[in-house]
Engineer: 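Handing you this structure, nothing more for now.
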There are 2 protein chains.
Amino acid sequence: MAKHYLDLSLLFHALADPTRRSILTRLAETPARVTDLAGPTGLRLPTVMRHLSVLEEAGLITTSKDGRIRTCAIVPEALDPVRTWLDEQRAIWEARLDRLDAFVMNVMKESKE
Amino acid sequence: MAKHYLDLSLLFHALADPTRRSILTRLAETPARVTDLAGPTGLRLPTVMRHLSVLEEAGLITTSKDGRIRTCAIVPEALDPVRTWLDEQRAIWEARLDRLDAFVMNVMKESKE
DNA sequence: GCGATAGTTAGCGATATGGCTAAGCATTAT
DNA sequence: ATAATGCTTAGCCATATCGCTAACTATCGC
């Protein structure tokens, strides 16, 4: 069905840029043309293009070209691997409540410095 | 209570590296010394140090030094902003079910190429 | 004190990132 | 047919990233 899960590193990297996150949020409203996306960012077209290709390679958006217009749209399931990873981590992290003890110990040690 | 939320960009960037994610997973088991963390990675100490400082600046871990030993521990709440952002996005993305129509239209257009 | 251990700092090299301009190409409008 | 529009490509610049080695500092064990 999909191979959007490409790679967590690609996903996280794509999400690490505020411009790209704003593009995603903008695309969440409705699909848009490249020029439409460039407008709000204040960036030049080639720069936006690069961001779009990063997003596309991460599987976060799809684009299609009709005539001279390229339309971009989000791929909602693309965030699933991120969510899954977060859930896994939370499970592990919370499972170790005694981690708190170690944390407190560290804080105590730190206060000795 | 905390100011760990520093910045989504810092968080995503920190999570974008597989070595750093593996360090986090390792730390989820139990706090560890720098050398302990370096072992499994196969990387040199200074390299690991750099990863640790990225993680610490993102608020994902805390470290404290006792004698010559630095102990690292995860900061579980640090992932909260990421989770919050994901939840927000999912809410927006799913709210626009008609996005599906647009997506289908794009696919149809694409198939014309 | 002396050596081993744990971490740190400084700095190098290769590559990636994020911005730009300039120029090109394809499509649409006149 | 020509001009305007929308995107794309090529390439430049500055900075950041990720790995390393070498050398330094600070403990700890004896």
Side-chain angles (χ1 to χ4, degrees), chain A residues 6-24 26-27 30-58 60-73 105-106 109-110 112-113, chain B residues 6-24 26-27 30-58 60-73 105-106 109-110 112-113:
Chain A
L6 286 173
D7 194 6
L8 267 182
S9 296
L10 279 180
L11 281 170
F12 278 126
H13 170 67
L15 296 174
D17 185 282
T19 298
R20 287 195 287 267
R21 287 199 305 278
S22 75
I23 287 177
L24 281 183
R26 163 67 187 75
L27 283 180
T30 176
R33 302 178 308 160
V34 176
T35 305
D36 294 336
L37 294 173
T41 65
L43 297 175
R44 302 291 183 174
L45 267 189
T47 305
V48 173
M49 286 285 299
R50 195 164 267 275
H51 283 304
L52 291 177
S53 64
V54 170
L55 287 170
E56 190 167 17
E57 277 169 26
L60 285 163
I61 67 173
T62 45
T63 74
S64 59
K65 203 169 179 183
D66 184 18
R68 60 183 167 176
I69 293 181
R70 178 170 297 279
T71 303
C72 309
M105 283 174 56
N106 286 334
K109 286 176 183 172
E110 193 171 18
K112 279 201 310 184
E113 286 177 5
Chain B
L6 286 174
D7 195 5
L8 267 181
S9 296
L10 280 181
L11 281 169
F12 278 127
H13 169 68
L15 295 175
D17 186 282
T19 298
R20 287 196 287 269
R21 288 199 304 278
S22 75
I23 288 177
L24 281 182
R26 165 66 186 77
L27 283 179
T30 177
R33 303 177 307 160
V34 176
T35 306
D36 294 337
L37 294 173
T41 65
L43 298 174
R44 301 292 182 174
L45 265 189
T47 306
V48 173
M49 287 284 299
R50 194 163 268 273
H51 284 304
L52 290 178
S53 64
V54 170
L55 288 170
E56 191 167 17
E57 277 169 28
L60 285 163
I61 68 173
T62 46
T63 74
S64 60
K65 205 170 177 181
D66 185 17
R68 60 183 165 173
I69 293 179
R70 177 171 298 279
T71 303
C72 309
M105 281 174 57
N106 286 334
K109 285 177 183 171
E110 192 174 20
K112 279 202 312 187
E113 286 177 5

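Lettering follows sequence order; numbering is per chain, from 1.
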Engineer: To the nearest Å, how far apart are B/D17 CG and D/dT17 P?
Structural biologist: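 Atom CG in B/D17 sits about 11 Å away from atom P in D/dT17.
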Engineer: Check whether any side-chain heavy atom of A/V34 lies under 4.5 Å from a side-chain heavy atom of A/T63, and answer yes or no.
Structural biologist: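 A side-chain contact is absent here, since even the closest heavy-atom pair is not under 4.5 Å.
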Engineer: In the structure I gave you, are the side-chain heavy atoms of A/E57 and A/H13 within less than 4.5 Å of one another anywhere?
Structural biologist: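 No. Closest side-chain heavy atoms not under 4.5 Å.
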Engineer: Could you state the CG-P distance from B/L52 to C/dT8, rounded to the nearest angstrom?
Structural biologist: 9 Å
Engineer: Which atoms form the tightest heavy-atom contact between B/L60 and B/A14, and what is the distance?
Structural biologist: CD1-CB, 3.8 Å
Engineer: Rounded to the Å, how far apart are A/D36 CG and D/dT5 P?
Structural biologist: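 Distance check: A/D36 CG to D/dT5 P gives 15 Å.
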Engineer: If the cut-off is 4.0 Å, is B/R33 near the phosphate of C/dA6, judged by side-chain N/O to OP1 or OP2?
Structural biologist: yes
Engineer: Of all heavy-atom pairs between A/S53 and A/R50, which one has the smallest distance, and what is that distance?
Structural biologist: OG-O, 2.8 Å
Engineer: Measure across A/L45 and A/A38 and return the closest heavy-atom pair with its distance rounded to 0.1 Å.
Structural biologist: CD2-CB, 3.9 Å
Engineer: Please report the shortest heavy-atom distance between B/A32 and B/D36, naming the atom on each side.
Structural biologist: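 For B/A32 and B/D36, the tightest heavy-atom pair comes out as CB-CB, 4.0 Å.
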Engineer: Restricting to non-hydrogen atoms, name the atom on A/S9 and the atom on B/R21 that form the minimum distance, rounded to 0.1 Å.
Structural biologist: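 Heavy-atom minimum between the residues: OG-NH2, 3.0 Å.
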Engineer: Can you work out whether A/H13 or B/T35 has the more 5'-proximal nearest nucleotide on DNA chain C?
Structural biologist: B/T35
Engineer: Could you tell me the separation between the CZ atom of A/F12 and the P atom of D/dT17, rounded to a whole number of Å?
Structural biologist: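 Nearest whole value for this atom pair: 17 Å.
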Engineer: Where along residues 42-49 of chain B does a heavy atom fall under 4.0 Å from DNA chain C?
Structural biologist: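 Contacts with DNA chain C under 4.0 Å: B/L45, B/P46, B/M49.
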Engineer: Taking only N and O in the side chain of B/R50, is any of them less than 4.0 Å away from OP1 or OP2 of C/dT9?
Structural biologist: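 B/R50 to C/dT9 OP1/OP2: no side-chain N or O under 4.0 Å.
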Engineer: Output yes when at least one side-chain N/O atom of B/H51 is less than 4.0 Å from OP1 or OP2 of D/dT17, else no.
Structural biologist: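 It does not, given that no N or O in the side chain of B/H51 lies less than 4.0 Å from OP1 or OP2 of D/dT17.
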Engineer: Could you report the tightest heavy-atom contact between B/T19 and B/H51, atom names first, then the distance?
Structural biologist: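 Distance-wise, the nearest heavy atoms are CG2-CD2, 3.8 Å.
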Engineer: Distance check needed: C/dT27 P versus A/R70 CZ, whole Å only.
Structural biologist: 12 Å
Engineer: Does B/D66 reach the side chain of B/T71, with side-chain heavy atoms less than 4.5 Å apart?
Structural biologist: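 No, every pair of side-chain atoms sits at 4.5 Å or beyond.
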Engineer: Which atom pairs link the protein and nucleotides 26-30 of chain D when you take only N or O atoms and keep those under 3.5 Å?
Structural biologist:
residue, atom, partner, partner atom, Å
D/dT27, O2, B/R68, NH1, 3.1
D/dC28, O4', B/R68, NH2, 3.3

